[in-house]
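Contents: one structure, followed by commentary.
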Amino acid sequence: MLSQGLESRGEEDIDMAEKVRIGGWVSEIRSIGKIKFVVLRTPQGRVQLTLKKSEVPDELLSQIDDLTQESVIEATGFMSEKKIAKAVDMEVIPKSIVVHSTSERKLPLDPNWKTPALFPTRMNYRPLDLRRPEVQAIFKIETSFLRGVIDWLDSHGFLMVFTPAIIGAASESGAEVFEVKYFDKKAYLRQDPQLHRQLTIIGGFTKIYDVGPNWRAEPSHTARHISEFRSIAVEMAFISDEGDVMRVEEELLVAGLRRVLEERSKELELLNVDLDVPKTPFPELRFPEIYNILEDLGKEIPFGEDYDTESEKLLWRYAREKYGTDFLFINRFPFKTKPFYVMKAEDLWARSVDLLYKGEELSSGGQREHRYEVLVSQIREKGLDLNSLEWFTKFFRYGAPPHGGFAMGLERTVYKMLNLQNIREAALFPRDVERVLP
RNA sequence: GCCCGGGUGGUGUAGCCCGGCUAGCAUAGAGGCCUGUCGAGCCUCAGACCCGGGUUCAAAUCCCGGCCCGGGCGCCA
């Protein structure tokens with residue numbers, strides 16, 4: 001039989017005449033002479049068990065003597081008639097206590113956060129770190145955001161699909177991928193579900209999305225990169241141009257943010273985050289005008305070249321001042337800096353769109369090239385090997401609609417939304433160059 | 001891949017520049033006192049210089065190497 005969740009069990013029992021059964025992690029134990037307090041972290045909030053020597057059996061009191069912080073216990077008792085404790089959500093007079101698990105006394109980090117632990121310590125002992133309400137808030141918000149996005153996509157006719165995570169050919173330019181042994185062959189973990197989304201479109205599904213993991217073997221040492229991340233990847237057919245893709249992207253973001261505001265006001269408050277639903281459409285800046293804007297901001301980028309990280313920050317502040325938003329589309333990147341599959345707008349510029357959020361790249365996308373001959377000539381232009389991409393390009397010989405899409409990094413979005421110091425905060429068990437455990 | 005910074009009790013820090021008494025503080029831990037809330041308080045105890053080599057009468061402190069970690073750039077989500 002499946003064990004019942006603590007949350008539902010507790011709520012049921014409350015209905016039955018103030019008798020409660022409540023389980024949780026011991027957050028504090030205080031002994032004041034002939035009265036003892038145990039504060040639990042529970043799904044219902046912070047719950048104080050109050051044990052007065054005159055009111056509870058001696059066995060219970062001696063049980064408390066051996067209790068340690070972070071042990072897991074379940075108590076049965078009654079709601080206190082008057083709640084004297086101010087700093088907790090509920091006060092309970094226990095009748096019995098079951099100790100499920102005793103924690104060691106010296107903790108590698110303190111979930112009560114009296115002495116804040118450093119980042120590596122937190123990640124080394126992530127399960128204890130996750131017990132902190134502020135940390136849990138991040139993942140509750142993440143879930144609500146994703147749910148809002150998915151509901152929007154579903155209600156707008158997008159089909160949820162799952163494209164493969166193991167791919168037989170390193171996509172594009174042989175960028176940094178993780179190699180895996182695949183029977184007697186080599187295979188790779190996908191860095192993006194991009195190419196298979198396109199093939200799914202060629203398969204006749206005209207509106208799809210794929211939420212799943214991606215891996216990058218880039219040795220990035222920054223606060224905004226992890227080696228494994230989730231993306232919300234959308235692809236749609238019969239678009240008139242990349243603008244259609246941008247409209248979907250901003251609406252889906254708004255739907256996600258709106259859901260967060262609806263469901264997670266407590267968590268936002270806990271994290272001290274002011275969240276607004278941005279106005280649509282988001283402002284859009286295009287190359288080559290970007291060069292002039294940057295020059296006015298004191299940044300010179302050679303014509304035809306990509307901009308850098310500093311430019312992203314400059315453009316954010318520029319857009320904030322001019323349009324009052326943290327979201328900004330950058331369109332028409334130089335074709336030479338983009339992959340072979342993007343559609344050109346003119347010879348030099350691509351229908352290739354990034355979405356910046358508070359100065360960082362949330363997503364990349366745009367319109368893809370669907371014409372076989374053009375695709376092949378772009379592969380030649382990039383100096384790539386036609387044969388190695390044939391597994392992908394050959395399907396374009398049998399009917400491909402105009403299409404486009406984007407991939408939005410989930411952890412990145414949450415990291416920027418909540419003004420976190422590090423993207424790793426938005427991953428339960430982050431993977432990076434230094435870390436694959438726990 | 002390139003560059004910068006850092007490793008001191010369980011946790012978090014001071015000390016390092018300018019080498020020298022028993023390595024300071026906070027918090028957590030152990031023990032004691034207290035019948036209400038508070039990050040409760042007070043008293044006692046225990047607990048640390050990443051590893052290896054060098055310089056020196058003397059190294060947490062200076063030098064070299066290693067290991068581990070954080071960040072910036074590049075690349076990207």
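To find a chain, count down the sequence lines: A is the first, B the second, and so on, and within it residues start at 1.
In the set B:G70, B:G72, B:C76, the nucleotide with an atom closest to the side chain of A:T222 is B:G72. Comparing B:G36, B:A28, B:U35 by their nearest atom to the side chain of A:K34 picks out B:U35. Nearest to the side chain of A:H225, among B:G70, B:C76, B:G36, sits B:C76. Among the nucleotides B:G36, B:C38, B:A77, the one closest to the side chain of A:I84 is B:G36.
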Per-nucleotide protein contact along nucleotides 2-8 of chain B, 5' to 3', at a 4.0 Å heavy-atom cut-off (B base, S sugar-phosphate only, - neither), is -------

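Listed by residue number, the members of residues 353-363 of chain A with any heavy atom below 4.0 angstrom from RNA chain B are A:E361, A:L362, A:S363. For residues 111-132 of chain A, proximity to RNA chain B is found at A:K114, A:T115, A:P116, A:A117, A:L118, A:P120, A:T121, defined as any non-hydrogen atom under 4.0 angstrom from a strand atom. For residues 268-283 of chain A, proximity to RNA chain B is found at no residue, defined as any non-hydrogen atom under 4.0 angstrom from a strand atom.
Regarding contacts with the backbone of B:C76, every side-chain N or O of A:R216 stays at 4.0 angstrom or more from both OP1 and OP2.
In this structure, the side chain to side chain contact (heavy atoms under 4.5 Å, CB included) partners of A:L118, at least two apart in sequence or on a different chain, are A:P120, A:T121. Annotation: side chain to side chain contact (heavy atoms under 4.5 Å, CB included) contacts of A:S364 (sequence neighbours excluded): A:K338, A:D354, A:E361.
Across the interface with RNA chain B, nearest-nucleotide mapping of A:E28 and A:S80 shows A:S80 to be the residue nearer the 5′ end.
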